[in-house]
Amino acid sequence: MKGSNADIADLLHSVATSITLSKGNFFEIRAYNNAADAIEHSTTEVRDLWQEGKLAEVPGLGKSIQAHLDEYFKTGGVKHFETLLSKHPKVIYELIKVPGIGPKTALELADLGVKSFDDLGKKLDNGDLVKKGFSEKIAEKIKSGFLEHSNRDNRMLLPYAQAQADKILEYLKKGPGVKNADPLGSLRRQVATIGDLDFAASSDEQEKVYEYFHKLPGVATVKDKQTVVLASGVHVDLLVGKPESYGALLQHFTGGKNHNIKLRTNALKKGLSLNEEGVRKINRKGERVELVPTKTEEDFYKLLGMDMPAPEMREDAGEIEAALEHKLPDLIELKDMKGDLHLHSNFPIEHPSHGPGIDSIADIVKKAQELGYEYVGISDHPPAHRTETKEGIIEWIEKRTKVIQEIKAKTKSTRVLNALEIDILTDGTLSVPDEALKTLDYCIAGIHSGHRSGSGDITKRILRALESPYVDIISHPSGRLINERESYEADWEKIFEYAGKNKKIMEINSFPNRLDLRDDLVRMALKYRVKFVIDTDAHQVSEMGNMRYGVSVARRGWATKKDVLNTWEWKEFAEWFEVT
DNA sequence: GCCGTTTTCGGCCCGACTGTTTTCAGTCG
């Protein structure tokens, strides 16, 4: 849809690029880039804010840009922007998206006859650029940026990255004189996809730690002192700092970028300058003096007069303001989880609608007990409504209910719940008749077909499904499959508003390539007081350990324990679901 | 162009890397 936050951010970045090339005011350029970043990271659609006359709420949008956006939403374009953009070849606004290509390089490339992004790839391959006078090293740099851009979809999934990171951390902690070791960057912030694996360590024997790092199991090549490449092709970076300034190092390289920018801007106003070694005071002459090293991140933030936001929150999404006012939310933690409600077993089925699990209900329950859960819900897919008769579906459910009840009776420490994950059909009706649904402890409904219908359709489908008194939870609501399929373009505010008012729950699905709801949608849903469950959607018991990733998503969305039903004590949980 | 418990004018994050720069420009996170 034209006019999405991403579209507008793109447009403003293009304007900034154009002004750069026209040698305009440096700070005007920055203002446009800031505005673009703010919109890109806004958790609300800017179009909606405009409709409500609340554009000014987005930081970085002043009178001028607001007026331009007003014109944009009213007419579909901005005359002033079009004039600016037309001063330079159109292709540069595409080329600047390639890492390593900025405005200047993009213009140079355009002057050399690069016509499009694909054309750039062609000219890189056949050496045209070097022939026309581009230095080989720069061409090489652009090529790697081009590949990175083309493969941007193939960043590692967080769970895959984290599994490797856990092993590396374990190794690093045994290094010479190592006192601390932590992940950095997007890994530490638990972003859904990860590029490189970055780590920090503290030790008084820095050089020895780097030598030790180069011997990390699985290393294929040592690229430089701080970087090794694993056999899998994954780059691993390590920064070793002194223990007395480790907090500043961690803070600096955890980011995110916009969080740090705002932090440093705010600090400057108080006469403080921040870098990776600590906090420095600035004297009257504007000189940076008196470095105060910070041992922990808490110390670092304390010197700035604020509480420490969890790494997962550091995206400049309001956490700095909240930290200054000592109003940070008490984020949910993995140890709060008391059950898993979305699990698939291998219960026999003749006409499956979707892939069943590979382990038995008994094994799942056993695993739940091992994990210390107070309750566990088995939620298989019912038989396909197209190939199985209505009676057949009901019969299958009855058979399965019986088996679950037998296991339930034998299980002391963990309560076993009888559920299903049913389909929301293309017209919003459900794949299982009500008379069977009402026999369940709760019901999860999800979209498993017709993902590509337009925004209105998906919104209507979900809303219609939610109107059923038997539907409690919407599974993987936005339907994204990371690196494969984008989220549906649905009217999430409308869906969340309904859910918040009608006790309907949104799932945060911990499956590695789903992590759905997304963190930004969790944040949006919270505004409507929507409750969540965090589930693993495990199809084998080994996947039940993925819960931590759903918790990370919830934390990135600022969710607290009370927002997530499956952290609740059994009594309250049972009251909500009206089960015994 | 944006922004304001030190400013409605005069500031605007910080440092590193890379290339070919003999003191800086471009780009990135």
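Chain naming here is simple, since letters A, B, ... match the order of the sequence lines and numbering starts at 1 in each. Side chains are part of it too, since the values below use all heavy atoms of this structure and drop only hydrogens, waters and symmetry mates.
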Parallel, tilted or perpendicular, as decided by the 30° and 60° cut-offs, for the rings of A:Tyr171 and A:Tyr212: parallel
Passing candidate, side-chain contact (heavy atoms from CB on, under 4.5 Å) with A:Lys123, options A:Ile142, A:Leu112, A:Leu109, A:Val114: A:Val114
B:dC14 OP1/OP2 closer than 4.0 Å to side-chain N/O of A:Asn275: no
Nucleotide-resolved protein contact map, nucleotides 22-27 of chain B, B/S/- at heavy-atom distance under 4.0 Å: ----SS
Closest nucleotide among B:dC2, B:dG15, B:dG19 to the A:Ser64 side chain: B:dC2
Sugar-phosphate only, base, or nothing, as touched by A:Ile29 at under 4.0 Å among non-hydrogen atoms: nothing
Nucleotide nearest A:His80 (side chain, heavy atoms from C-beta), chosen from B:dG15, B:dG19, B:dG1: B:dG1
Parallel, tilted or perpendicular, as decided by the 30° and 60° cut-offs, for the rings of A:His68 and A:His80: parallel
Sugar-phosphate only, base, or nothing, as touched by A:Asn25 at under 4.0 Å among non-hydrogen atoms: base
G-U wobble or Watson-Crick pairing nucleotide for B:dT8 (cut-off 3.5 Å, both distances): none
Sugar-phosphate, base or nothing in reach of A:Tyr32, heavy atoms under 4.0 Å: sugar-phosphate
Touch class at under 4.0 angstrom, heavy-atom based, for A:Lys63 against every strand present: sugar-phosphate
For atom CG of A:Asp196 and atom P of B:dC28, their distance in whole Å: 15 Å
Touch class at under 4.0 angstrom, heavy-atom based, for A:Ile261 against every strand present: base
Test item: A:Phe213 and A:Val219 side chains (from C-beta on) under 4.5 Å apart, heavy atoms: no
Residue-phosphate contact under 4.0 Å: A:Ser135 side-chain N/O, B:dT20 OP1/OP2: yes
A:Arg264 side chain near B:dG29 phosphate (N/O to OP1/OP2, under 4.0 Å): no
Note: A:Arg189-A:Glu315 ion pair, threshold 4.0 Å (strictly below): yes
5'-most by nearest nucleotide on DNA chain B - A:Gly271 or A:Gln66: A:Gln66
